[in-house]
Asker: 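Quick one: the structure is below, questions incoming.
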Amino acid sequence: MDLERIVFIGRTFDEYMRMFDLQPGELRGRSFLDCPAGACSFTAEANRCGAIAVAADIAYSYSAEALQDKGLADIEHTLNQLDRVRDNFKWDDFQSIEGLKQARTEALTVSTLDRLAHQERYVAAELPVLPFADQTFDMTLSAHFLFMYGDRLDVDFHLKTLRELLRVTKEEIRIFPLTDLSSLRYAHLDELISFIRSQGWNAEEVRVPYEFQKGANSMLHLKRV
Ligand SMILES: C[S@@+](CC[C@H](N)C(=O)[O-])C[C@H]1O[C@@H](n2cnc3c(N)ncnc32)[C@H](O)[C@@H]1O
């Protein structure tokens, strides 16, 4: 995998708590997979809160130092692009491009330091295959990957990835958001929900208290029956 081809960016723990509508009491003593985790600080902070959290991403085949440099460059590039379409976003939380830059830089810094201190929490993995045994994690979180890049990742990739997330998860999976980059609901979502239900899981679309990209404010909440 060519490092230039990925964008290494991540959200903060606080953003994850809101986009997945997680309560602090749901963390302690439970095991989590964040996949793909990119430069998110969820894994670092969740472990501090008493969870056993693991991050997986194709990018982790590169060193923490190489990804830190790539991440800093990607923050600059992404925010320049985003500034041109700023009306597509809600600014109540970040207030400004500078506020957003602080949040993205914090997530990158916290996750890099955590990876340097706890290599074992950051696992290189290339979806649709994960290097974990069946039902390893109580809960799996997946943000800004599935459904969002429906123009690049076809429905078969989505199906295989979902099958793999169901396999490695014991209780619950939460996926955010349900829209593509234009805030349109992913075209094959109903088909994928039917597949998930056929595998013995409940699937529910849930409105969450997080909306940065306008219209991207729901998650898919899956529970093993
Ligand atoms: C837009 S980022 C999202 C990161 C994070 N979940 C968030 O919400 O900020 C997408 C991530 O997917 C990773 N990725 C892309 N293709 C992948 C694959 N086939 N398997 C695993 N990770 C992949 C990239 O390296 C990148 O870190």
Side-chain angles (χ1 to χ4, degrees), residues 1-22 32-46 53-64 66-75 77-79 81-82 89 93-94 100-101 103-112 114-115 121-132 139-154 156-165 168 173-181 186 208 210-213 216-220:
M1 195 252 320
D2 180 359
L3 186 54
E4 284 311 309
R5 293 195 57 202
I6 60 141
V7 177
F8 194 66
I9 209 151
R11 274 77 185 172
T12 62
F13 173 76
D14 174 62
E15 288 179 87
Y16 258 46
M17 292 300 279
R18 287 182 291 129
M19 74 178 71
F20 292 116
D21 203 11
L22 279 166
F32 288 82
L33 172 66
D34 179 11
C35 180
C40 287
S41 57
F42 175 80
T43 293
E45 304 287 8
V54 167
D57 196 290
I58 194 171
Y60 299 154
S61 59
Y62 287 89
S63 70
L67 289 179
Q68 165 88 0
D69 291 346
K70 176 76 167 87
L72 289 171
D74 284 347
I75 290 171
H77 180 71
T78 308
L79 297 196
Q81 305 271 76
L82 193 140
F89 295 85
D93 293 331
F94 300 114
L100 179 59
K101 184 175 178 176
R104 296 285 169 268
T105 309
E106 179 201 312
L108 174 66
T109 307
V110 169
S111 68
T112 302
D114 194 57
R115 185 171 169 207
R121 290 179 188 165
Y122 294 82
V123 179
E126 183 170 356
L127 290 165
V129 177
L130 290 172
F132 305 112
M139 196 188 298
T140 293
L141 307 175
S142 188
H144 300 106
F145 180 65
L146 288 172
F147 315 143
M148 237 192 165
Y149 298 99
D151 54 336
R152 275 155 263 184
L153 306 170
D154 66 17
D156 187 53
F157 177 88
H158 278 74
L159 206 66
K160 287 180 175 147
T161 296
L162 282 168
R163 190 193 294 277
E164 191 68 339
L165 298 183
V168 303
I173 301 172
R174 301 186 191 194
I175 304 171
F176 176 93
L178 307 182
T179 56
D180 62 16
L181 295 167
Y186 177 58
V208 296
Y210 177 89
E211 184 176 353
F212 179 43
Q213 182 186 315
N217 53 20
S218 297
M219 69 166 168
L220 193 60

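Keep in mind that what you see is a predicted model, and the values were worked out from it rather than measured. Ligands are counted one by one from 1 in listed order, and the atoms in each one are counted from 1 as well.
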Asker: How would you list, by chain and number, every residue that makes a salt bridge (charged side-chain N to carboxylate O under 4.0 Å, His left out) with Arg115, sequence neighbours excluded?
Answerer: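 Testing Arg115 for salt bridge (charged side-chain N to carboxylate O under 4.0 Å, His left out), a comparison that skips the adjacent residues, returns none.
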
Asker: Any idea which of His144, Arg5, Arg152 brings a heavy atom closest to atom 1 (C) of ligand 1?
Answerer: His144

Asker: One residue to check: Tyr60. Relative to ligand 1, which of side chain, backbone, both or neither has a non-hydrogen atom less than 4.0 Å away?
Answerer: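 Under 4.0 Å from ligand 1, Tyr60 contributes no heavy atoms.
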
Asker: Would a 4.5 Å heavy-atom cut-off, applied to side chains only, mark Asp114 and Tyr122 as touching?
Answerer: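 Yes, their side chains come closer than 4.5 Å.
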
Asker: Give the atom numbers and elements of ligand 1 that come within less than 4.0 Å of a heavy atom of Phe145.
Answerer: 12 (O), 14 (N), 15 (C), 16 (N), 17 (C)

Asker: Going by the atom numbers of ligand 1, which of them fall below 4.0 Å from some non-hydrogen atom of Ala125?
Answerer: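 Result: 20 (N), 21 (C).
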
Asker: Heavy-atom contacts with Gly38 under 4.0 Å: which atoms of ligand 1 show up? List them by number with element.
Answerer: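 So the atoms of ligand 1 that pass are 27 (O).
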
Asker: Heavy-atom contact under 4.0 Å between Tyr16 and ligand 1?
Answerer: yes

Asker: Any nitrogen or oxygen of Ile6, main chain or side chain, under 3.5 Å from a nitrogen or oxygen of ligand 1?
Answerer: no

Asker: So which bit of Phe42 gets within less than 4.0 Å of ligand 1, heavy atoms only: side chain, backbone, both or neither?
Answerer: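 Contact part for Phe42 vs ligand 1: neither.
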
Asker: For the pair Phe147 and His158, name the ring-plane relationship: parallel under 30°, tilted 30 to 60°, perpendicular over 60°.
Answerer: parallel

Asker: Which ligand 1 atoms does Arg11 reach within 4.0 Å, using its non-hydrogen atoms?
Answerer: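 Those atoms are 7 (C), 8 (O), 9 (O).
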
Asker: Need the ligand 1 atom indices (1-based, order shown) with element for anything under 4.0 Å from a heavy-atom of Pro36.
Answerer: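 In order of numbering, the contacting atoms are 4 (C), 5 (C), 6 (N), 11 (C), 12 (O), 13 (C), 22 (N).
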
Asker: With atoms numbered from 1 as shown, which atoms in ligand 1 lie under 4.0 angstrom from a non-hydrogen atom of Ala143?
Answerer: 3 (C), 5 (C), 6 (N), 8 (O)

Asker: Give a yes or no answer on whether the side chain of Asp57 reaches the backbone of Tyr60 with a donor-acceptor pair at less than 3.5 Å.
Answerer: no

Asker: Tell me which part of Cys40 gets within contact of ligand 1: side chain, backbone, both or neither, using heavy atoms under 4.0 Å.
Answerer: side chain

Asker: Ile58 versus ligand 1: do any nitrogen or oxygen atoms come within less than 3.5 Å of each other?
Answerer: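 Yes: some nitrogen or oxygen of Ile58 is under 3.5 Å from one in ligand 1.
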
Asker: Salt bridge (charged side-chain N to carboxylate O under 4.0 Å, His left out): which pairs involve residues 35-45, sequence neighbours left out?
Answerer: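 Every pair satisfying salt bridge (charged side-chain N to carboxylate O under 4.0 Å, His left out) with a residue in residues 35-45: Glu45-Arg48.
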
Asker: With no hydrogens and no angle check, is any side-chain donor or acceptor of Lys70 less than 3.5 Å from a backbone partner on Ile6?
Answerer: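 Answer holds: yes.
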
Asker: Would you say the ring centroid of Phe20 lies under 6.0 angstrom from that of Phe42?
Answerer: no

Asker: Would Asp57 count as a polar contact of ligand 1, with the cut-off being nitrogen or oxygen pairs under 3.5 Å?
Answerer: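 Right, the criterion is met.
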
Asker: Taking non-hydrogen atoms only, is Pro128 closer than 4.0 angstrom to ligand 1 via side chain, backbone, both or neither?
Answerer: neither

Asker: Check each heavy atom of Ala56 against ligand 1 and say whether those closer than 4.0 Å belong to the side chain, the backbone, both or neither.
Answerer: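 No part of Ala56 is near ligand 1 at this cut-off.
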
Asker: Given side chains that start at C-beta, do those of Phe145 and Leu153 come closer than 4.5 Å, heavy atoms only?
Answerer: yes

Asker: State, with a plain yes or no, whether a side-chain heavy atom of Ile9 is found less than 4.5 Å away from one of Arg11.
Answerer: yes

Asker: Could you tell me whether the side chain of Tyr16 reaches within less than 4.5 Å of the side chain of Leu22, counting heavy atoms only?
Answerer: no

Asker: In terms of side-chain geometry, is the basic nitrogen of Arg104 or Glu15 positioned less than 4.0 Å from the acidic oxygen of its partner?
Answerer: yes

Asker: Within the 4.0 Å heavy-atom shell around Gly10, which atoms of ligand 1 are there?
Answerer: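 Counting atoms of ligand 1 from 1, those under 4.0 Å from Gly10 are 9 (O).
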
Asker: Need the ligand 1 atom indices (1-based, order shown) with element for anything under 4.0 Å from a heavy-atom of Tyr149.
Answerer: 1 (C)

